[in-house]
Amino acid sequence: MTRTSMIIAGLVVLLAIVGVAFLLRGGEKPSAPAETITPQTTSPAETSPTTTQAVSEKPRLTGNIEQDVVSIGNYLASMGIHEAKYTVWAAGDPNSVLRTLAIVEAAYRLNKILEQHGVDFKITVEQKFKRGGGDQLAEDFAAAFQSQANPDIMANSYKHIARFADEGYLLDITQYLETYQDFLNDFYQSLLGAVRYKGKYYGVPQDTEARPLYWRTDVAACIKEKTGEDILAGLAEKIQKGEVTWHDIYRYAKLAVETGCSEWGVLHRKGSAHPDLIQFIYAFGGKLSDPKTGKLVLDVPAVYKWLYVEWKMARDKLIPEDMMSWDWGKQIHPSTVSGKTLIWIGGTWHWTEWQTKPYYTDPQTGEQRPLTAEEVKKYFYYTLFAAGDPGNEPVTLSQPFVWMIASNAGKDNPKYDELRDVYQMLAFLLVVKASDPDLNAIHSIISAHLPVRKAAEQLISDKAWVEKLANLEIELSPEVKNAIADIVKATVNEINIEFLASASKMLAYTHLTPMHPQYPQLASIFADAVDKVLRGEMTPEEAVNYIISKIKADPELAKAVEIQGEVPKDWQFP
């Protein structure tokens, strides 16, 4: 047999074998090897004790935070992602550290839930708290957003929401909050206007406050001793009824300085005129916006009267001419806590700030130290911000701080383009958890800000819970507990609880500044005008004209602001 014949014979035998096998399997076509030997891939999430099947759809929020974080954790783990990182920025007084630490604590609490459910996923948070006002922080946020270096969450004044929402920097969380209706309902409804813009929610309230007039009791006692006039007698009630106005306050301030009882009659914050000094506009019966047109308003008569009070007091040496440039730590607070002024225009948070920062020079030792709670209560009497003229009403002003979520929240995590909505939901859950009633209550007590949730207010009135807080016998992560230990030791006491309860009643007189993207720009012009009248560079009327010229010089601002009224010609002060 030739070689070719042998090959042909072999092929015939092989075909015969295949044909027999095909007949034995009933004519079924043999399967391809790849379909029978490829093993089923198992994701890390599917090894979780709580997961019995692969996650096939992206999770949706249900309103149950435990269920939602487990669902999100399992889903991300099934995608091979076992850690998500977030950053939070905030600013404020030195005791308001929970504006960032509460987000850290929220991650800790959510991670505990994940651990309890055996989910192979965790959340980490990087926080940056900056002492001072939030305006610079807002500018930093806007600049960082351009390079995608912004934080995922920011606690700042609600006044920035309008601008940032229009710019597309903020996440619209309306749909999320609709599923968390019980959570939303626990906030005081009056505060929800501070996080709602053009019918949508862009934040969650973090705290609020009132802005009282603080009166030095020792200076008032000195005035009584030298003149026989007891200016504090029934003062809070008289101011509440509008019986004591800024005409009277001018006279009291003059008494304090002329009798040598204090160096100054009135001290107030520096820098931005928002919002402490904005109270003057409302106190003189003015307004800052027109709800019918949605525009800002320059209420010329009220603004003129405000600037006149500042100008007149500076000319009479009752307010420092350079008040707007004083240093907080070296001049403003030390002068106030040492009794160098009769009146301080401040905020509720100063009540505990004076108890934790060494602004006071002890006359016995010559050393700088904080005041004790007993000393703060002894030296400071507080009232509403008085009415401007007879017939006007007393006021206060609140500038709620809110947590805002960036529209690119979660951007630093894997597969962001694919999982953007999941990371955004997780950022929202961090804010929800950071708003736990106990965290809101702790923040309120140690920073003297007012609670934003009803459940938090109930905790503050619970003496047993407050006692546990004072001893730090409450559930907190070691990181947060250590961070606030000194502040808790100095501030959690009955005196401060009593102050919170009393100051909360001022909210019945509160105003909010407009939710308008151009409002911060207008407030900045007000601040310039106040500085110029205090220094004597402009008369009040010239300063009003300066404000008008600045508004008209900016086409966008000119379109946003209605100029109403004229400088009053027959008004007398004092």
Side-chain angles (χ1 to χ4, degrees), residues 60-63 65 68 134-135 138 141-142 145 150-208 274-275 278 282 287-297 397-410 420-432 434-435 440 452-454 507 510-523 556-557 559-562:
R60 294 181 179 180
L61 297 182
T62 66
I65 194 166
D68 288 342
D135 289 351
F141 174 85
F145 198 93
N150 58 286
D152 303 290
I153 300 168
M154 176 174 65
N156 208 330
S157 166
Y158 78 102
K159 69 177 182 176
H160 301 293
I161 281 183
R163 170 193 169 193
F164 288 159
D166 281 349
E167 295 287 348
Y169 297 166
L170 299 184
L171 183 66
D172 173 5
I173 58 173
T174 308
Q175 289 186 341
Y176 296 164
L177 284 172
E178 285 175 352
T179 64
Y180 275 75
Q181 200 62 51
D182 289 343
F183 166 74
L184 191 63
N185 289 341
D186 194 49
F187 288 87
Y188 294 107
Q189 293 300 304
S190 59
L191 295 174
L192 295 182
V195 291
R196 201 164 44 226
Y197 177 60
K198 294 182 178 178
K200 298 178 180 178
Y201 285 102
Y202 288 97
V204 171
Q206 192 269 327
D207 72 20
T208 191
H274 176 86
I278 294 297
Y282 294 117
K287 59 183 179 181
L288 271 166
S289 64
D290 185 341
K292 293 181 180 177
T293 63
K295 289 188 174 184
L296 296 171
V297 169
L397 192 144
S398 299
Q399 176 186 278
F401 258 53
V402 303
W403 272 309
M404 297 169 248
I405 301 173
S407 56
N408 58 3
R420 179 186 186 119
D421 52 347
V422 181
Y423 288 127
Q424 290 173 341
M425 286 190 285
L426 194 53
F428 172 74
L429 295 186
L430 280 170
V431 169
V432 172
S435 305
N440 188 228
V452 293
R453 295 190 62 172
K454 301 164 194 171
L507 291 180
T510 202
H511 295 257
L512 297 177
T513 49
M515 179 81 83
H516 193 287
Q518 265 83 37
Y519 174 70
Q521 189 178 350
L522 181 61
E556 291 300 315
L557 189 59
K559 286 191 293 185
V561 180
E562 293 179 6

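Because the structure is predicted, anything quoted here is derived from the model rather than measured.
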Short question: side chain of [X], backbone of [Y] - any donor-acceptor pair under 3.5 Å?
X: N440; Y: Q206; result: yes
X: K454; Y: N185; result: yes
X: Q424; Y: S407; result: yes

From CA spacing to verdict: side chain to side chain donor-acceptor pair (under 3.5 Å), Y176, D68:
CA-CA 11 Å; Y176 296 164; D68 288 342; over 6 Å; no
Atom pair [atom1]/[atom2] of [X] and [Y] - distance to nearest 0.5 Å:
X: K159; Y: T513; atom1: NZ; atom2: OG1; result: 7.0 Å
X: H516; Y: R163; atom1: NE2; atom2: CZ; result: 14.0 Å
X: L191; Y: L507; atom1: CG; atom2: CG; result: 7.5 Å
X: D172; Y: L177; atom1: CG; atom2: CG; result: 9.0 Å
X: D135; Y: N156; atom1: CG; atom2: CG; result: 7.5 Å
X: T208; Y: L512; atom1: OG1; atom2: CG; result: 7.0 Å

For the residue pair [X] and [Y], establish whether any side-chain heavy-atom pair is separated by less than 4.5 Å.
X: F401; Y: Q399; value: yes
X: V561; Y: Q518; value: no
X: Y158; Y: S398; value: no
X: Y202; Y: V195; value: no
X: Y201; Y: L184; value: yes
X: W403; Y: V432; value: no

How close do [X] and [Y] get, counting heavy atoms only, and between which atoms?
X: P517; Y: Y197; answer: CD-OH, 3.7 Å
X: A409; Y: Y423; answer: O-CB, 3.9 Å
X: L61; Y: L429; answer: CD2-CD2, 4.1 Å
X: P205; Y: F187; answer: O-CE2, 3.5 Å
X: A194; Y: M515; answer: O-CE, 3.1 Å
X: S289; Y: V297; answer: C-CG2, 3.6 Å

Please determine whether salt bridge (Lys or Arg N to Asp or Glu O under 4.0 Å) holds for the pair R453 and D186, giving the CA-CA distance in whole Å, both sets of side-chain angles, and the decisive distance to 0.1 Å.
CA-CA 5 Å; R453 295 190 62 172; D186 194 49; 2.8 Å; yes
Counting only heavy atoms not in Q175, do more than 12 sit closer than 6.0 Å to its CD atom?
no
Please walk me through it: do Y180 and V204 pass side chain to side chain contact (heavy atoms under 4.5 Å, CB included)?
CA-CA 12 Å; Y180 275 75; V204 171; over 6 Å; no
According to side-chain hydrogen bond (donor to acceptor under 3.5 Å, both in side chains), who are the partners of K200, at least two apart in sequence or on a separate chain?
none
Establish, yes or no, whether a centroid distance under 6.0 Å links the rings of F164 and F145.
no
Determine, stepwise, if the pair H511 / I278 fulfils side chain to side chain contact (heavy atoms under 4.5 Å, CB included).
CA-CA 10 Å; H511 295 257; I278 294 297; over 6 Å; no
